There are 4 protein chains.
Amino acid sequence: MASRGINKVILIGNLGNDPEIRYLPNGGAVANLSLATSESWRDKNTGEMREKTEWHRVVLFGKTAEVAGEYLRKGSQVYIEGQLQTRKWQDQNGQDRYTTEVAVQPFSGSMQMLGGRGGQNQGQPMQQSPQQQGGWGQPQQPKQPQQNFNQQPPQQQSAPQPQSQPQQQYNDLPDFDDDIPF
Amino acid sequence: MASRGINKVILIGNLGNDPEIRYLPNGGAVANLSLATSESWRDKNTGEMREKTEWHRVVLFGKTAEVAGEYLRKGSQVYIEGQLQTRKWQDQNGQDRYTTEVAVQPFSGSMQMLGGRGGQNQGQPMQQSPQQQGGWGQPQQPKQPQQNFNQQPPQQQSAPQPQSQPQQQYNDLPDFDDDIPF
Amino acid sequence: MASRGINKVILIGNLGNDPEIRYLPNGGAVANLSLATSESWRDKNTGEMREKTEWHRVVLFGKTAEVAGEYLRKGSQVYIEGQLQTRKWQDQNGQDRYTTEVAVQPFSGSMQMLGGRGGQNQGQPMQQSPQQQGGWGQPQQPKQPQQNFNQQPPQQQSAPQPQSQPQQQYNDLPDFDDDIPF
Amino acid sequence: MASRGINKVILIGNLGNDPEIRYLPNGGAVANLSLATSESWRDKNTGEMREKTEWHRVVLFGKTAEVAGEYLRKGSQVYIEGQLQTRKWQDQNGQDRYTTEVAVQPFSGSMQMLGGRGGQNQGQPMQQSPQQQGGWGQPQQPKQPQQNFNQQPPQQQSAPQPQSQPQQQYNDLPDFDDDIPF
DNA sequence: TTTT
DNA sequence: TTTT
């Protein structure tokens with residue numbers, strides 16, 4: 001039954017890069033987002049404005065991952081509800097390393113694009129070249145499922161992807177289908 | 001001003017150990033908690049119950065840290081509201097490492113002890129030897145402020161404390177005092 | 001599909017009364033909780049401590065409602081995650097009235113009992129007479145499903161139940177079963 | 001100190017109207033928002049898409065209220081973190097009525113405009129006539145503080161404003177100033 | 001109507 | 001690496 005404890009993360013931020021989508025052997029999609037949240041405040045001592053940006057590694061699964069891959073782009077503003085998850089892996093020296101991610105679970109998590117397609121809901125069509133940033137992108141071409149799940153280690157400053165991580169780590173996902181509203 | 005983005009973590013879990021309290025050169029308290037949240041579910045394929053525990057590294061500041069040090073014990077159930085924060089540090093080989101914590105900020109975060117003092121509010125006095133677990137402890141003796149802030153690297157399974165981290169990392173805290181209700 | 005917008009309520013509080021359980025014509029359970037959250041603070045002007053209690057009307061569905069009915073009692077501390085929902089109804093004079101509730105939806109919401117059964121996880125069996133308050137109760141006897149869903153209007157100070165409300169308001173619930181982990 | 005219990009509401013939605021700003025006798029601003037969150041889902045039985053919109057009454061105080069009054073407009077997308085609060089009032093027949101609001105407290109709550117000024121961050125200046133909807137408005141002219149706080153009962157579909165409510169209900173607000181980062 |  |  002259920003769970004003992006609450007593990008909930010709520011983020012609103014902007015993507016530092018286009019989502020990275022991969023496909024599991026069983027065809028399920030997995031998307032990784034690099035999401036920035038920033039705070040600014042006036043320093044009590046110096047009176048100057050200061051700013052600090054935090055980068056979050058977000059991982060999405062299944063349908064939600066596909067939607068992210070199709071509509072999110074570098075700069076997109078997005079709402080994320082997920083849970084904290086720390087994965088253990090070995091670096092090239094065989095040393096234990098840990099990476100903490102925000103996992104958006106199919107049932108309990110959610111992802112929502114913010115800001116509206118045409119900006120202020122004015123309904124005008126959005127033309128967006130690849131160089132343009134922010135907002136929602138046009139759907140990309142359907143991607144081919146790939147077998148090489150860990151082929152390209154993501155580069156991330158604040159919580160780098162392991163270079164040798166367990167292969168089957170997402171096989172335990174609960175089943176889910178289109179009928180579930182998320 | 002303020003912030004662009006939302007960075008919020010909500011946890012309810014139990015402490016794996018007594019809080020570790022340290023004091024900054026300016027006398028401000030810092031507490032580290034190791035907090036477990038667990039989920040259990042029935043495996044769709046095997047029909048067996050499965051359980052997974054996630055360990056969170058939580059850091060508290062100031063008054064909240066002192067309250068944690070005085071009243072929380074191994075096993076205590078606690079509510080935490082904080083924000084995700086990834087610190088960079090160098091390991092003994094000079095390699096960059098990252099540790100993600102849930103920081104309970106003086107203004108925006110909060111900590112709350114759950115479950116009541118005597119358990120089911122039956123009012124009976126709680127005697128709690130150091131070996132006993134859970135609930136709220138009696139206040140410990142006042143601790144002496146220490147200078148050696150990073151003296152003892154905490155041991156934590158899922159996100160170990162750096163062995164050589166920046167010394168002055170918490171000097172930017174906003175001022176706060178007893179009038180602020182948190 | 002899914003949703004545009006976020007509507008999320010998180011409460012931790014104590015029950016002012018035992019849960020009220022009812023059964024829909026289709027056999028689905030519905031539970032109503034009256035949940036108190038309180039804040040206390042020192043008045044800046046007078047220096048006195050002040051306290052304010054807020055009462056929340058919470059409604060649970062299905063399995064979660066049954067668990068609430070079996071284990072929660074007056075005084076129990078509970079975590080609730082749900083969504084705000086304002087229902088319109090007519091009072092005896094035919095005037096429109098509105099009641100705002102926190103609805104714990106089967107998929108997106110959750111309920112969790114806090115504080116542990118025996119208090120500090122000391123494992124001692126809990127004996128709890130009906131007069132005792134707080135903690136988790138023993139399971140009540142299984143209740144008989146009833147047809148008369150709106151037979152007894154609940155009495156609640158802060159957000160009274162309509163005396164003539166729509167009969168079929170909960171028929172749109174998504175299906176759910178035991179496999180869904182909530 | 002502090003509080004016993006958690007009372008937290010998180011909303012992301014769009015304004016149904018421009019904010020209504022009023023000023024307390026002491027000069028403090030109070031803003032009321034009417035915020036819509038909507039859900040859509042496919043009906044399991046009919047296969048049709050269905051949608052339900054929930055309207056939330058949000059109240060902001062002080063600086064946050066002023067920012068809302070200056071930058072938010074009908075259609076604006078906004079993030080709200082506040083707490084549930086039910087106010088009692090008497091209708092014209094002297095009957096007790098209750099209104100539930102989401103109050104964004106100066107210290108614990110927050111408000112954040114979403115979606116960026118020019119929509120997809122394309123940098124083009126936004127011209128917005130009063131009829132245009134969504135996005136962030138240009139700052140309005142500074143308003144004159146008014147004494148007649150309850151002069152105009154707001155019109156809101158789901159939780160109408162009382163027609164005769166307590167006059168001094170917001171006098172208990174904690175002091176706050178510009179140094180506090182929210 | 002709860003709890004501390 | 002984002003955004004303002």
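Convention: sequence-line order gives letters A, B, ...; per-chain numbering from 1. Predicted model, so just to flag it, every value in this text is computed and none were measured.
Atom CD in C:Q77 sits roughly 9 Å away from atom P in E:dT4 (whole-Å rounding). Rounded to a whole Å, the CG atom of A:L15 is 13 Å from the P atom of F:dT4. Rounding to whole angstrom units, CG of residue A:L33 and P of F:dT1 are separated by 18 Å. The interatomic distance linking A:N14 (CG) with F:dT1 (P) rounds to 16 Å, in whole Å. Between C:H56 atom NE2 and E:dT2 atom P the separation is 15 Å, expressed in whole Å. The distance from atom CD of C:E20 to atom P of E:dT1 is 14 Å, rounded to the nearest whole Å. With rounding to whole Å, C:N32 atom CG is found 18 Å from E:dT2 atom P. Distance, A:M49 CE to F:dT3 C1': 14 Å, rounded to whole Å.
Residues that satisfy the side chain to side chain contact (heavy atoms under 4.5 Å, CB included) test with D:V67, not counting sequence neighbours, are D:Y71, D:M111, D:M113. Listed by chain and residue number, B:Y79, D:S3, D:I6 satisfy the side chain to side chain contact (heavy atoms under 4.5 Å, CB included) test with B:Q112 (two or more places apart in sequence, or in another chain).
Among the nucleotides E:dT1, F:dT3, F:dT1, the one closest to any side-chain atom of A:K74 is F:dT1.
Nucleic acid contact for C:T53: base, since at least one base atom lies under 4.0 Å from a heavy atom of the residue.
Between B:T86 and B:Y98 the shortest heavy-atom distance is CG2-CB, 3.8 Å.
A donor and an acceptor atom, one from each side chain of A:T37 and A:H56, are located under 3.5 Å apart.
The aromatic ring of C:W55 stacks onto the base of E:dT1, its centre lying under 5.5 Å from the centre of the six-membered base ring with the two planes under 30° apart.
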